[in-house]
Enquirer: 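Take this structure, written in C-alpha coordinates, and hold onto it; I'll ask about it next.
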Number of protein chains: 2
Amino acid sequence: MSNGQAIRMTESRKAILSVLGRTRAHPTADEVYSMVREDLPKVSLGTVYRNLDLLAKQGLIRTLASAGEQRRYDGMVDDHHHIRCEVCGRMDDIEVGNAELLDELIIDGRGYDVHGYTLCFSGVCREYAGNGKSHEQNGKGQGE
Amino acid sequence: MSNGQAIRMTESRKAILSVLGRTRAHPTADEVYSMVREDLPKVSLGTVYRNLDLLAKQGLIRTLASAGEQRRYDGMVDDHHHIRCEVCGRMDDIEVGNAELLDELIIDGRGYDVHGYTLCFSGVCREYAGNGKSHEQNGKGQGE
DNA sequence: GCACTAATCGGAACCATTCCCAGTTTGTGC
DNA sequence: GCACAAACTGGGAATGGTTCCGATTAGTGC
Ligand SMILES: [Mn+2]
Ligand SMILES: [Mn+2]
Ligand SMILES: [Zn+2]
Ligand SMILES: [Zn+2]
(Lines give C-alpha, C1' and ligand atoms only; values in the text may rest on other atoms or scores of the structure.)
(Ligands and ions follow the chains in the order given, each with its own letter.)
Protein backbone atom coordinates (compact mmCIF):
# COMPACT_ATOMS: atom_id res chain seq x y z
CA MET A 1 0.00 0.00 0.00
CA SER A 2 3.02 2.28 -0.33
CA ASN A 3 1.80 5.51 -1.84
CA GLY A 4 3.59 8.35 -3.57
CA GLN A 5 7.35 8.82 -3.41
CA ALA A 6 9.41 8.18 -0.32
CA ILE A 7 9.40 10.87 2.32
CA ARG A 8 12.34 12.35 4.16
CA MET A 9 13.05 10.55 7.39
CA THR A 10 13.12 13.32 9.97
CA GLU A 11 13.84 12.98 13.68
CA SER A 12 10.19 13.06 14.64
CA ARG A 13 9.29 10.46 12.04
CA LYS A 14 12.06 8.17 13.21
CA ALA A 15 10.91 8.62 16.78
CA ILE A 16 7.30 7.79 15.88
CA LEU A 17 8.35 4.68 13.98
CA SER A 18 10.51 3.62 16.90
CA VAL A 19 7.69 4.09 19.38
CA LEU A 20 5.28 2.08 17.25
CA GLY A 21 7.95 -0.51 16.63
CA ARG A 22 8.41 -1.38 20.27
CA THR A 23 4.85 -1.52 21.55
CA ARG A 24 2.14 -4.04 20.93
CA ALA A 25 -0.49 -1.71 22.25
CA HIS A 26 -1.93 0.18 19.25
CA PRO A 27 -1.61 3.61 20.90
CA THR A 28 -3.74 6.64 20.11
CA ALA A 29 -2.20 9.78 18.66
CA ASP A 30 -1.85 11.45 22.02
CA GLU A 31 -0.28 8.33 23.50
CA VAL A 32 2.24 8.31 20.66
CA TYR A 33 2.72 12.01 21.31
CA SER A 34 3.64 11.57 24.95
CA MET A 35 5.90 8.61 24.20
CA VAL A 36 7.71 10.51 21.47
CA ARG A 37 8.18 13.44 23.82
CA GLU A 38 10.30 11.30 26.11
CA ASP A 39 12.93 11.39 23.38
CA LEU A 40 12.12 14.66 21.63
CA PRO A 41 10.55 16.88 24.26
CA LYS A 42 9.63 19.61 21.80
CA VAL A 43 7.50 17.83 19.20
CA SER A 44 4.03 19.23 18.82
CA LEU A 45 0.86 17.24 18.67
CA GLY A 46 0.17 18.59 15.20
CA THR A 47 3.47 17.20 13.98
CA VAL A 48 2.64 13.82 15.44
CA TYR A 49 -0.72 13.78 13.67
CA ARG A 50 0.76 14.99 10.42
CA ASN A 51 3.50 12.39 10.46
CA LEU A 52 1.26 9.55 11.53
CA ASP A 53 -0.81 10.36 8.47
CA LEU A 54 2.22 10.50 6.23
CA LEU A 55 3.72 7.28 7.54
CA ALA A 56 0.39 5.55 7.07
CA LYS A 57 0.17 6.79 3.48
CA GLN A 58 3.66 5.42 2.92
CA GLY A 59 2.51 2.08 4.22
CA LEU A 60 5.04 2.16 7.06
CA ILE A 61 2.38 2.00 9.76
CA ARG A 62 -1.32 1.24 9.87
CA THR A 63 -4.24 3.31 11.07
CA LEU A 64 -6.93 1.57 13.11
CA ALA A 65 -9.96 3.79 13.00
CA SER A 66 -12.88 2.17 14.71
CA ALA A 67 -16.38 3.40 15.16
CA GLY A 68 -16.48 6.80 16.78
CA GLU A 69 -13.43 5.93 18.82
CA GLN A 70 -10.15 7.73 18.91
CA ARG A 71 -7.89 6.58 16.09
CA ARG A 72 -5.16 4.08 16.94
CA TYR A 73 -1.90 3.31 15.21
CA ASP A 74 -0.10 0.04 14.53
CA GLY A 75 3.55 -0.50 13.70
CA MET A 76 2.84 -3.98 12.40
CA VAL A 77 1.92 -3.63 8.76
CA ASP A 78 1.56 -7.29 7.86
CA ASP A 79 -2.04 -8.37 7.44
CA HIS A 80 -3.70 -9.25 10.68
CA HIS A 81 -6.94 -8.59 12.52
CA HIS A 82 -7.96 -6.92 15.74
CA ILE A 83 -10.39 -7.08 18.58
CA ARG A 84 -11.61 -4.11 20.55
CA CYS A 85 -12.80 -4.23 24.14
CA GLU A 86 -16.26 -2.71 24.41
CA VAL A 87 -15.59 -1.68 27.99
CA CYS A 88 -12.17 -0.08 28.06
CA GLY A 89 -11.53 0.44 24.35
CA ARG A 90 -8.16 -1.34 24.24
CA MET A 91 -7.26 -3.11 21.03
CA ASP A 92 -5.34 -6.32 20.62
CA ASP A 93 -4.17 -8.43 17.73
CA ILE A 94 -6.02 -11.65 17.22
CA GLU A 95 -5.39 -14.83 15.37
CA VAL A 96 -8.05 -15.75 12.84
CA GLY A 97 -8.15 -19.41 11.95
CA ASN A 98 -9.39 -20.14 8.44
CA ALA A 99 -8.33 -16.67 7.45
CA GLU A 100 -8.10 -17.87 3.88
CA LEU A 101 -11.87 -18.25 3.91
CA LEU A 102 -12.13 -14.50 3.87
CA ASP A 103 -10.76 -14.35 0.38
CA GLU A 104 -13.53 -16.66 -0.75
CA LEU A 105 -16.10 -14.02 0.03
CA ILE A 106 -17.78 -13.18 -3.20
CA ILE A 107 -19.87 -10.13 -3.14
CA ASP A 108 -22.27 -8.40 -5.43
CA GLY A 109 -20.49 -5.10 -5.40
CA ARG A 110 -23.45 -3.08 -6.71
CA GLY A 111 -21.26 -1.47 -9.33
CA TYR A 112 -18.49 -0.67 -6.87
CA ASP A 113 -14.88 -1.24 -7.68
CA VAL A 114 -14.12 -3.17 -4.48
CA HIS A 115 -10.72 -2.48 -2.94
CA GLY A 116 -10.74 -4.32 0.35
CA TYR A 117 -12.50 -4.96 3.56
CA THR A 118 -12.22 -4.38 7.24
CA LEU A 119 -12.80 -7.06 9.81
CA CYS A 120 -12.77 -6.13 13.45
CA PHE A 121 -14.03 -8.18 16.35
CA SER A 122 -15.53 -6.79 19.50
CA GLY A 123 -15.85 -8.22 22.97
CA VAL A 124 -14.75 -7.76 26.53
CA CYS A 125 -11.14 -8.10 27.56
CA ARG A 126 -9.95 -10.35 30.37
CA GLU A 127 -9.57 -7.46 32.74
CA TYR A 128 -13.24 -6.52 32.50
CA ALA A 129 -14.72 -9.98 32.09
CA GLY A 130 -17.49 -10.73 34.59
CA ASN A 131 -18.44 -7.09 34.37
CA GLY A 132 -21.04 -8.16 31.81
CA LYS A 133 -23.16 -5.06 32.24
CA SER A 134 -25.88 -4.75 29.66
CA HIS A 135 -25.81 -0.96 29.84
CA GLU A 136 -23.02 0.65 27.93
CA GLN A 137 -19.98 1.82 29.83
CA ASN A 138 -17.80 3.25 27.19
CA GLY A 139 -17.68 1.97 23.63
CA LYS A 140 -20.62 2.38 21.34
CA GLY A 141 -21.17 -1.33 21.06
CA GLN A 142 -20.75 -2.86 17.67
CA GLY A 143 -20.49 0.15 15.55
CA GLU A 144 -21.22 -1.53 12.25
CA MET B 1 -30.18 -6.77 20.22
CA SER B 2 -33.23 -5.18 21.85
CA ASN B 3 -32.04 -3.54 25.04
CA GLY B 4 -33.94 -2.34 28.09
CA GLN B 5 -37.69 -1.88 28.22
CA ALA B 6 -39.69 -0.42 25.37
CA ILE B 7 -39.64 3.33 24.94
CA ARG B 8 -42.60 5.58 24.32
CA MET B 9 -43.19 6.21 20.64
CA THR B 10 -43.26 9.97 20.36
CA GLU B 11 -43.88 12.00 17.22
CA SER B 12 -40.21 12.64 16.59
CA ARG B 13 -39.36 8.99 17.10
CA LYS B 14 -42.07 7.89 14.71
CA ALA B 15 -40.86 10.43 12.17
CA ILE B 16 -37.28 9.18 12.44
CA LEU B 17 -38.36 5.58 12.00
CA SER B 18 -40.46 6.54 9.02
CA VAL B 19 -37.60 8.41 7.38
CA LEU B 20 -35.25 5.49 7.88
CA GLY B 21 -37.94 3.09 6.74
CA ARG B 22 -38.35 4.62 3.33
CA THR B 23 -34.77 5.28 2.28
CA ARG B 24 -32.07 2.88 1.26
CA ALA B 25 -29.42 5.49 1.64
CA HIS B 26 -28.02 5.13 5.21
CA PRO B 27 -28.30 8.83 6.01
CA THR B 28 -26.20 10.73 8.52
CA ALA B 29 -27.72 12.33 11.59
CA ASP B 30 -28.04 15.72 9.94
CA GLU B 31 -29.58 14.19 6.84
CA VAL B 32 -32.14 12.46 9.04
CA TYR B 33 -32.59 15.80 10.80
CA SER B 34 -33.46 17.69 7.63
CA MET B 35 -35.73 14.92 6.38
CA VAL B 36 -37.59 14.77 9.68
CA ARG B 37 -38.01 18.54 9.63
CA GLU B 38 -40.06 18.28 6.46
CA ASP B 39 -42.78 16.72 8.60
CA LEU B 40 -41.99 18.21 12.00
CA PRO B 41 -40.33 21.54 11.34
CA LYS B 42 -39.50 22.18 14.97
CA VAL B 43 -37.40 19.17 15.95
CA SER B 44 -33.94 19.99 17.17
CA LEU B 45 -30.77 18.28 16.09
CA GLY B 46 -30.17 17.22 19.69
CA THR B 47 -33.48 15.41 19.74
CA VAL B 48 -32.61 13.60 16.54
CA TYR B 49 -29.29 12.45 17.95
CA ARG B 50 -30.82 11.43 21.25
CA ASN B 51 -33.58 9.44 19.58
CA LEU B 52 -31.32 7.83 17.03
CA ASP B 53 -29.31 6.57 19.98
CA LEU B 54 -32.40 5.36 21.78
CA LEU B 55 -33.87 3.63 18.75
CA ALA B 56 -30.54 1.94 18.11
CA LYS B 57 -30.40 0.69 21.70
CA GLN B 58 -33.91 -0.68 21.24
CA GLY B 59 -32.74 -2.54 18.18
CA LEU B 60 -35.20 -0.69 15.96
CA ILE B 61 -32.48 0.80 13.77
CA ARG B 62 -28.79 0.21 13.25
CA THR B 63 -25.83 2.53 13.63
CA LEU B 64 -23.14 2.37 10.98
CA ALA B 65 -20.12 4.02 12.47
CA SER B 66 -17.19 3.70 10.16
CA ALA B 67 -13.68 4.89 10.51
CA GLY B 68 -13.49 8.56 11.33
CA GLU B 69 -16.51 9.19 9.15
CA GLN B 70 -19.78 10.73 10.18
CA ARG B 71 -22.10 8.14 11.67
CA ARG B 72 -24.83 6.73 9.47
CA TYR B 73 -28.13 5.10 10.33
CA ASP B 74 -29.93 2.14 8.83
CA GLY B 75 -33.59 1.23 9.12
CA MET B 76 -32.89 -2.33 8.00
CA VAL B 77 -32.03 -4.29 11.11
CA ASP B 78 -31.65 -7.73 9.57
CA ASP B 79 -28.07 -8.87 9.26
CA HIS B 80 -26.37 -7.60 6.18
CA HIS B 81 -23.12 -5.98 5.17
CA HIS B 82 -22.04 -2.70 3.66
CA ILE B 83 -19.59 -1.09 1.33
CA ARG B 84 -18.36 2.45 1.63
CA CYS B 85 -17.14 4.57 -1.27
CA GLU B 86 -13.67 5.89 -0.54
CA VAL B 87 -14.30 8.94 -2.72
CA CYS B 88 -17.72 10.27 -1.81
CA GLY B 89 -18.41 8.38 1.42
CA ARG B 90 -21.75 6.93 0.41
CA MET B 91 -22.69 3.57 1.84
CA ASP B 92 -24.63 0.80 0.17
CA ASP B 93 -25.83 -2.63 1.14
CA ILE B 94 -23.98 -5.50 -0.44
CA GLU B 95 -24.65 -9.14 -0.95
CA VAL B 96 -22.00 -11.44 0.47
CA GLY B 97 -21.92 -14.86 -1.09
CA ASN B 98 -20.67 -17.60 1.22
CA ALA B 99 -21.72 -15.47 4.17
CA GLU B 100 -21.97 -18.63 6.21
CA LEU B 101 -18.20 -18.94 5.95
CA LEU B 102 -17.93 -16.03 8.33
CA ASP B 103 -19.28 -18.08 11.16
CA GLU B 104 -16.51 -20.59 10.60
CA LEU B 105 -13.95 -18.04 11.63
CA ILE B 106 -12.26 -19.40 14.66
CA ILE B 107 -10.15 -16.97 16.51
CA ASP B 108 -7.72 -17.03 19.37
CA GLY B 109 -9.50 -14.40 21.38
CA ARG B 110 -6.52 -13.61 23.62
CA GLY B 111 -8.68 -13.95 26.68
CA TYR B 112 -11.45 -11.81 25.29
CA ASP B 113 -15.07 -12.75 25.57
CA VAL B 114 -15.86 -12.29 21.89
CA HIS B 115 -19.26 -10.78 21.14
CA GLY B 116 -19.27 -10.19 17.42
CA TYR B 117 -17.51 -8.72 14.47
CA THR B 118 -17.80 -6.00 11.94
CA LEU B 119 -17.21 -6.50 8.25
CA CYS B 120 -17.24 -3.52 5.97
CA PHE B 121 -15.97 -3.36 2.41
CA SER B 122 -14.43 -0.32 0.80
CA GLY B 123 -14.11 0.68 -2.81
CA VAL B 124 -15.18 3.25 -5.34
CA CYS B 125 -18.80 3.66 -6.38
CA ARG B 126 -19.95 3.64 -9.98
CA GLU B 127 -20.29 7.39 -10.05
CA TYR B 128 -16.63 7.94 -9.26
CA ALA B 129 -15.15 4.95 -11.09
CA GLY B 130 -12.39 5.88 -13.51
CA ASN B 131 -11.37 8.58 -11.08
CA GLY B 132 -8.78 6.13 -9.76
CA LYS B 133 -6.63 8.83 -8.24
CA SER B 134 -3.90 7.50 -6.02
CA HIS B 135 -3.94 10.58 -3.84
CA GLU B 136 -6.75 10.71 -1.31
CA GLN B 137 -9.83 12.74 -2.15
CA ASN B 138 -11.98 12.28 0.83
CA GLY B 139 -12.16 9.05 2.83
CA LYS B 140 -9.25 7.98 4.96
CA GLY B 141 -8.71 4.83 2.94
CA GLN B 142 -9.19 1.56 4.66
CA GLY B 143 -9.61 2.56 8.24
CA GLU B 144 -8.81 -0.75 9.75
C1' DG C 1 -57.14 21.39 36.99
C1' DC C 2 -52.77 19.70 39.71
C1' DA C 3 -48.65 17.29 40.52
C1' DC C 4 -45.18 14.64 38.64
C1' DT C 5 -42.35 12.78 35.06
C1' DA C 6 -40.50 12.18 30.49
C1' DA C 7 -39.38 14.47 26.29
C1' DT C 8 -37.88 18.38 23.85
C1' DC C 9 -35.55 22.79 22.53
C1' DG C 10 -31.74 25.77 21.68
C1' DG C 11 -27.48 26.73 22.36
C1' DA C 12 -23.11 26.12 24.70
C1' DA C 13 -19.49 22.88 25.57
C1' DC C 14 -16.52 19.19 24.25
C1' DC C 15 -12.64 17.22 22.03
C1' DA C 16 -10.17 14.67 18.41
C1' DT C 17 -8.38 16.28 14.45
C1' DT C 18 -7.06 19.69 11.00
C1' DC C 19 -5.46 24.07 9.54
C1' DC C 20 -2.55 28.08 9.38
C1' DC C 21 1.65 30.53 9.26
C1' DA C 22 5.98 32.46 10.69
C1' DG C 23 10.26 30.55 11.68
C1' DT C 24 13.61 26.64 11.21
C1' DT C 25 15.84 22.82 9.12
C1' DT C 26 17.27 20.18 5.27
C1' DG C 27 18.92 19.14 0.62
C1' DT C 28 21.16 20.86 -3.59
C1' DG C 29 24.18 23.28 -6.56
C1' DC C 30 27.90 26.01 -6.44
C1' DG D 1 30.99 26.92 3.39
C1' DC D 2 27.09 29.77 1.13
C1' DA D 3 22.77 30.78 -0.94
C1' DC D 4 18.39 29.40 -2.17
C1' DA D 5 14.15 26.72 -2.35
C1' DA D 6 11.51 23.17 -0.55
C1' DA D 7 10.06 20.58 3.26
C1' DC D 8 9.20 20.51 7.99
C1' DT D 9 7.96 22.27 12.54
C1' DG D 10 5.67 24.40 16.91
C1' DG D 11 2.02 26.67 18.74
C1' DG D 12 -2.20 27.94 18.71
C1' DA D 13 -6.64 28.80 16.58
C1' DA D 14 -10.40 26.73 13.94
C1' DT D 15 -13.45 22.92 12.71
C1' DG D 16 -17.32 20.02 13.06
C1' DG D 17 -19.72 16.03 14.72
C1' DT D 18 -21.59 14.91 18.93
C1' DT D 19 -22.95 15.48 23.70
C1' DC D 20 -24.56 18.11 27.53
C1' DC D 21 -27.45 21.35 30.19
C1' DG D 22 -31.02 24.51 31.96
C1' DA D 23 -35.37 25.91 30.83
C1' DT D 24 -39.84 24.76 28.65
C1' DT D 25 -43.47 21.75 27.10
C1' DA D 26 -46.35 17.64 26.64
C1' DG D 27 -48.24 13.50 28.67
C1' DT D 28 -50.31 10.75 32.44
C1' DG D 29 -52.75 9.57 36.64
C1' DC D 30 -55.49 11.54 40.02
MN1 LIG E 1 -2.09 -4.91 15.32
MN1 LIG F 1 -27.93 -1.31 5.18
ZN1 LIG G 1 -11.15 -3.95 28.30
ZN1 LIG H 1 -18.74 7.38 -4.42
Side-chain angles (χ1 to χ4, degrees), chain A residues 3-17 26-34 36-58 60-61 63-73 84 89 91 135-141 143, chain B residues 4-17 26-34 36-37 39-58 60-61 63-73 84 89 91 135-141 143:
Chain A
N3 232 344
Q5 61 251 36
I7 56 177
R8 193 185 302 185
M9 197 48 59
T10 65
E11 286 307 307
S12 56
R13 288 167 196 172
K14 271 188 274 192
I16 290 173
L17 279 181
H26 310 99
T28 60
D30 52 298
E31 285 163 353
V32 172
Y33 174 55
S34 67
V36 166
R37 276 166 79 92
E38 287 169 18
D39 297 332
L40 289 77
K42 318 201 52 130
V43 276
S44 71
L45 181 58
T47 296
V48 169
Y49 268 107
R50 179 167 17 83
N51 286 331
L52 284 169
D53 268 10
L54 272 171
L55 294 170
K57 280 198 186 109
Q58 293 287 122
L60 299 175
I61 64 176
T63 303
L64 312 179
S66 51
E69 290 289 306
Q70 215 167 332
R71 235 170 263 165
R72 293 176 176 278
Y73 297 89
R84 191 176 74 82
M91 261 187 142
H135 72 76
E136 91 305 346
Q137 287 106 319
N138 178 348
K140 336 286 213 258
Chain B
Q5 61 252 33
I7 57 178
R8 189 187 315 188
M9 198 49 59
T10 65
E11 286 307 306
S12 57
R13 288 168 197 173
K14 270 189 275 194
I16 289 173
L17 279 181
H26 311 97
T28 60
D30 51 298
E31 285 163 353
V32 172
Y33 175 54
S34 65
V36 166
R37 275 166 80 94
D39 297 332
L40 289 78
K42 318 200 52 128
V43 276
S44 71
L45 181 58
T47 296
V48 169
Y49 268 107
R50 179 167 19 81
N51 286 330
L52 284 169
D53 269 10
L54 271 171
L55 293 169
K57 280 196 186 111
Q58 293 287 315
L60 299 175
I61 64 175
T63 304
L64 312 179
S66 52
E69 289 290 305
Q70 214 167 332
R71 240 170 258 166
R72 293 175 175 278
Y73 298 89
R84 190 175 75 81
M91 260 187 142
H135 72 77
E136 91 305 347
Q137 286 107 319
N138 179 349
K140 339 289 215 249

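The sequence lines fix the lettering, A, B, ..., with proteins before strands; numbering per chain opens at 1.
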Enquirer: Of all residues at least two apart in sequence or in a different chain, which pass the side chain to side chain donor-acceptor pair (under 3.5 Å) check with B:Thr28?
Expert: B:Asp30, B:Glu31
Enquirer: Counting side-chain heavy atoms from CB outward, which of C:dT17, D:dG17, C:dT18 is closest to A:Asp53?
Expert: C:dT18
Enquirer: Could I get a table of every N or O pair under 3.5 Å where one atom is in the protein and the other is in nucleotides 22-30 of chain D?
Expert:
none

Enquirer: According to side chain to side chain donor-acceptor pair (under 3.5 Å), who are the partners of B:Ser44, at least two apart in sequence or on a separate chain?
Expert: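 So B:Ser44 forms a side chain to side chain donor-acceptor pair (under 3.5 Å) with B:Thr47.
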Enquirer: Can you tell me which nucleotide in D:dT19, C:dT8, D:dT9 comes closest to the side chain of B:Arg71?
Expert: D:dT19
Enquirer: Please tell me if A:Arg72 has a side-chain N or O lying less than 4.0 Å from either OP1 or OP2 of C:dA16.
Expert: no
Enquirer: Would you mind reporting whether A:Arg13 and A:Leu60 have side-chain heavy atoms less than 4.5 Å apart?
Expert: no
Enquirer: With a cut-off of less than 4.0 Å, is there a side-chain N or O of B:Ser12 near OP1 or OP2 of C:dT8?
Expert: yes
Enquirer: Just to verify, what does B:Tyr49 make a side chain to side chain donor-acceptor pair (under 3.5 Å) with, not counting sequence neighbours?
Expert: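 For B:Tyr49 there are no side chain to side chain donor-acceptor pair (under 3.5 Å) partners, ignoring immediate neighbours.
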Enquirer: Atom OG1 in A:Thr10, atom CD1 in A:Ile16: separation rounded to 0.5 Å?
Expert: 7.5 Å
Enquirer: Rounded to 10°, tell me the angle between the two end axes of the helix from C:dG1-D:dC30 to C:dC30-D:dG1, each built from five pairs.
Expert: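 Overall, the helix from C:dG1-D:dC30 to C:dC30-D:dG1 bends by 30° from one end axis to the other.
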Enquirer: Nearest to the B:Arg13 side chain among D:dT9, C:dT8, C:dT18, which nucleotide is it?
Expert: C:dT8
Enquirer: Is there a residue in residues 39-50 of chain B whose heavy atoms reach under 4.0 Å of DNA chain C, and which residues are they?
Expert: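 The stretch gives B:Lys42, B:Val43, B:Ser44, B:Thr47, B:Arg50 as the residues lying under 4.0 Å from the strand, ordered by number.
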Enquirer: Are side-chain heavy atoms of B:Thr63 and B:Leu52 found at a separation under 4.5 Å?
Expert: no
